[in-house]
Amino acid sequence: MTSPTAHTTSKVTWGFTASLDGFIAGPGHDMSWLEACPPMDASVTAALAARVAVILSGRRGYDAAREQAEERGELTSEAYGGAWSGTEIILTHRPAELADDPTVTAWDVDVVEAVRRAKELAAGGDVQIISADIARQALEHDLLDELQMFIAPVMLGDGTRVFDVPGGR
């Protein structure tokens with residue numbers, strides 16, 4: 001494995017596990033379905049996590065994770081099942097509301113500025129987006145360097161779609 005600082009330039013990636021029917025979360029950002037899936041090999045998870053210096057998350061996902069903290073298992077309670085450590089940035093229009101959470105940094109900026117700042121902060125490590133909406137915006141601005149898609153053998157039927165673009169742009 002390499003350390004995040006071993007990279008010469010930061011890559012911006014969007015990594016997720018999707019259901020067979022194209023959802024990355026169930027209704028209400030429910031992630032419990034991942035707990036029932038076959039686990040990814042720990043060495044693969046560790047190798048993916050080692051490259052990431054900064055995670056960009058969305059406010060809805062952050063709020064759902066906080067609300068579901070008691071329900072989430074080891075796999076879904078922390079990024080990369082706990083194999084990752086770094087800086088997590090929450091993009092929100094209400095950053096002051098997260099000031100008392102020492103585990104995250106809140107920014108009220110658009111996706112272009114967020115990616116620019118995150119790459120600086122990553123200092124050569126990768127920036128991982130874990131929000132479908134932020135990733136959609138990053139795609140629209142051609143900011144993604146890599147897509148890491150894993151498919152789980154489940155059908156969710158509803159929830160957060162991988163690619164949800166109202167109006168079909």
Side-chain angles (χ1 to χ4, degrees), residues 1-18 24-25 29 31 34 39-69 72-150 160-165 169:
M1 280 185 283
T2 60
S3 69
T5 56
H7 297 285
T8 56
T9 60
S10 296
K11 286 192 305 184
V12 178
T13 63
W14 179 27
F16 57 87
T17 299
I24 60 173
H29 279 63
M31 300 302 292
L34 276 175
M40 185 180 297
D41 183 274
S43 65
V44 173
T45 303
L48 288 169
R51 295 173 27 191
V52 178
V54 175
I55 288 180
L56 284 177
S57 302
R59 179 63 187 264
R60 286 187 302 265
Y62 169 85
D63 288 344
R66 300 287 289 189
E67 290 171 17
Q68 300 166 10
R72 290 193 177 202
E74 185 177 312
L75 179 64
T76 60
S77 64
E78 297 181 62
Y80 293 96
W84 175 79
S85 65
T87 302
E88 183 173 4
I89 307 299
I90 308 297
L91 297 186
T92 177
H93 295 297
R94 303 176 318 273
E97 294 176 5
L98 304 184
D100 64 341
D101 185 345
T103 66
V104 299
T105 300
W107 290 345
D108 182 8
V109 297
D110 66 24
V111 71
V112 174
E113 179 64 10
V115 168
R116 185 192 69 73
R117 287 185 188 182
K119 287 174 80 170
E120 283 181 8
L121 191 59
D126 289 350
V127 174
Q128 177 77 49
I129 296 174
I130 62 169
S131 161
D133 187 51
I134 294 170
R136 177 192 53 78
Q137 293 173 59
L139 278 167
E140 288 175 358
H141 291 283
D142 197 27
L143 299 172
L144 285 180
D145 299 308
E146 184 174 293
L147 180 66
Q148 301 164 344
M149 183 174 189
F150 301 92
T160 303
R161 293 191 180 280
V162 174
F163 295 105
D164 190 15
V165 182
R169 290 179 293 137

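Between Ala132 and Ile24, the shortest heavy-atom contact is CB-CD1, 3.6 Å. Ile129 and Ala138 get closest at one heavy-atom pair: CD1-CB, 3.8 Å. Listed here is the closest heavy atom pair of Val127 and Ala122: CG2-CB, 4.0 Å. When every heavy atom of Ala53 is checked against every heavy atom of Gly125, the shortest pair comes out as CB-CA, 4.0 Å. Looking at every heavy atom in both residues, Gly58 comes nearest to Ser131 through N-CB, 3.7 Å.
Here the CD atom belonging to Gln137 is positioned 7.0 Å from the CD atom belonging to Glu140, to the nearest 0.5 angstrom. Note that OG1 of Thr92 is 10.5 Å distant from CZ of Arg60, once rounded to the nearest 0.5 Å. To the nearest 0.5 Å, the span separating OG1 on Thr9 from NZ on Lys119 amounts to 7.0 Å. Residue Ile134 holds its CD1 atom at 6.5 Å from OG of Ser57, rounded to the nearest 0.5 Å. To the nearest 0.5 Å, atom CG of residue Asp126 and atom CD1 of residue Ile55 are 11.0 Å apart. Note that CG of Leu56 and CG of Leu91 are 5.5 Å apart. Values are rounded to the nearest 0.5 Å.
Val104 is listed as a side-chain neighbour of Tyr62, based on a closest heavy-atom distance under 4.5 Å. Two residues are said to be in side-chain contact when any heavy atoms from C-beta on lie closer than 4.5 Å; Trp107 and Ile90 fail this criterion. A heavy-atom distance below 4.5 Å is found between the side chains of Arg59 and Glu97. The shortest side-chain heavy-atom distance between Val54 and Ile89 falls under the 4.5 Å cut-off. The closest side-chain heavy-atom distance from Gln148 to Gln128 is below 4.5 Å. Using a 4.5 Å heavy-atom cutoff, the side chains of Thr105 and Glu88 are not in contact.
Checking Asp101 against Thr103 by side-chain atom types alone, a donor-acceptor pair falls below 3.5 Å.
Ion pairing between a basic and an acidic side chain is recognised when a charged N comes within 4.0 Å of a carboxylate O; Asp133 and Arg136 show such pairing. Salt bridge status for Glu120 with Arg117: absent, with no side-chain N to carboxylate O gap under 4.0 Å.
Ring to ring, Trp14 and Phe150 are not that close: their centroids are 6.0 angstrom or more apart.
Put simply, the side chain of Thr13 never gets that close to the backbone of Gly15: no donor and acceptor are under 3.5 Å apart.
Residue Asp41 places its CG atom among more than 12 non-hydrogen atoms of other residues, nucleotides or ligands, all under 6.0 Å distant.
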